[in-house]
Amino acid sequence: MSAGPAAEARPEARPEARPELAGLAAYSSVAPGPVPVRVRASSNEAPGGLVGPVLEAALAAVAGGSRYPLIGGAELASALATSLGVAEASVAVADGALPLLDRVLMAYVRPGDEVVMAWRSYEAYPLSVQIAGGRSVQVPLTESGVHDLAAMAAAVGPSTRMVIVCNPNNPTGTVVAWPDLVDFVDALPRDVLVVLDEAYTEYDDRARPDAASLAALVARGNVIVLRTFSKAHGLAGLRAGYLVAAPAVAATVRSVLPPFPVSSVAVAAARASLEHPSVLGDRVAATCEERSRVVALLAARGLAGPTSYANFVWLPLGERSLEFAELCREHGLLVRPFAGEGVRITVGEPDLRAVLAEVLAAWG
Ligand SMILES: Cc1ncc(COP(=O)(O)O)c(C=O)c1O
């Protein structure tokens, strides 16, 4: 086989990535230090491994792993539709909430389009927007770490294609009230897509909107509710997430997903988790109780952040954030620092408080 004439004209040429990718930051993870890790509290995972019927379903699915799952993760989409009280056509599933967000961006964001988001929020958002060729518009959180919905609405301009609301917000754990959210959505132009990232919603122990309110919100046609099995369902390593949207929006996202977007093992485990809500309920209740105890432990040492409605707490330590995280690491505790801003500590691991107490005793 011989190359065409273009090859001869450009002997030194190399494949070039899209220019939008220049300077793309890496999705960071917290590396263990020289001290063996005793408690991992840096990634907002659920404690422990798979249990009971969820473990059994996953193991049984492994044996059948030589077969493709149904196209589009159909068994999981249909189980979700039943459990959420929405039409199956309103659901799209994939191997996590983040891969779904990437496909939403792929489907809706054109080069140079703006995506408005609160900041600080989930660190993957600006990376995903950049990969999609869009531009992030970051609107500072209020002093108390809450989305400033008025400022976000004011930041929406002619080039805005999408707004992301992270509720509860990672890393501050704060929430916006449902009526405020509905007013916010109503005030936006109908051609602006609102992605409501509810990755931690199960830990939000306020009165939650019912299925009808969720259905009414997405029926507006410009709202996508994004959720995951990685957090409260405890399936981060298996990879499964979903979105709920108006049927036309969900169909658009499904059209840009790979044909088999979730593994058969993840489908089986996620379905089992939906079918056995007490497994999820017990885990969430235990985590919320533990969250109160961790908050009390920190408060006794004079450390406090905003009220958290997620499986982590936020300590706005400002310039001392890296110092605190390093002290944690020296005690075998992995937490997630954001330089100059604060430290996020995942709650749920039974040994967390014991190690944290050691850290706090050494914290000057
Ligand atoms: C707010 C938020 N959204 C989405 C994700 C990603 O979830 P998944 O594991 O389903 O891709 C995370 C993970 O940390 C998150 O914090």
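We count ligands from 1, going down the list as the structure has it; atoms in each ligand are counted the same way. Along the sequence shown, the residues carry numbers beginning at 1.
Closest to atom 8 (P) of ligand 1 by heavy atom, among S128, A310, A97, is A97. Among P99, S230, G241, the residue whose heavy atom sits closest to atom 9 (O) of ligand 1 is S230. Considering K231, E123, R239 only, the shortest heavy-atom separation from atom 11 (O) of ligand 1 involves R239.
By the 3.5 Å distance cut-off applied to N or O atoms, L98 is counted among the residues near ligand 1. Checked by distance only, ligand 1 and N44 stay at 3.5 Å or farther apart across all their nitrogen or oxygen atoms. In terms of polar-atom proximity, N170 is counted as a contact of ligand 1, with an N or O under 3.5 Å from an N or O of the ligand. Not one N or O of S43 is nearer than 3.5 Å to an N or O of ligand 1, by distance alone.
Both cation-pi conditions hold for R206 and Y309: the charged atom is under 6.0 angstrom from the six-membered ring centre and inside a 45 degree cone around its axis. A cation-pi contact, defined as under 6.0 Å to the ring centre and within 45° of the axis, links R320 to W363.
Side chains of P259 and Y68 form no contact here, defined as non-hydrogen atoms less than 4.5 Å apart. Put simply, the side chain of R291 reaches to within 4.5 Å of the side chain of S308, judged on heavy atoms.
Remark: aromatic rings of Y203 and F312 are distant, center separation not under 6.0 Å.
Here the side chain of D95 pairs no donor or acceptor atom with the backbone of V262 at under 3.5 angstrom.
Within the structure, the closest approach of Y200 to ligand 1 falls below 4.0 Å when heavy atoms are considered. By the 4.0 Å heavy-atom criterion, C166 is counted among the residues contacting ligand 1.
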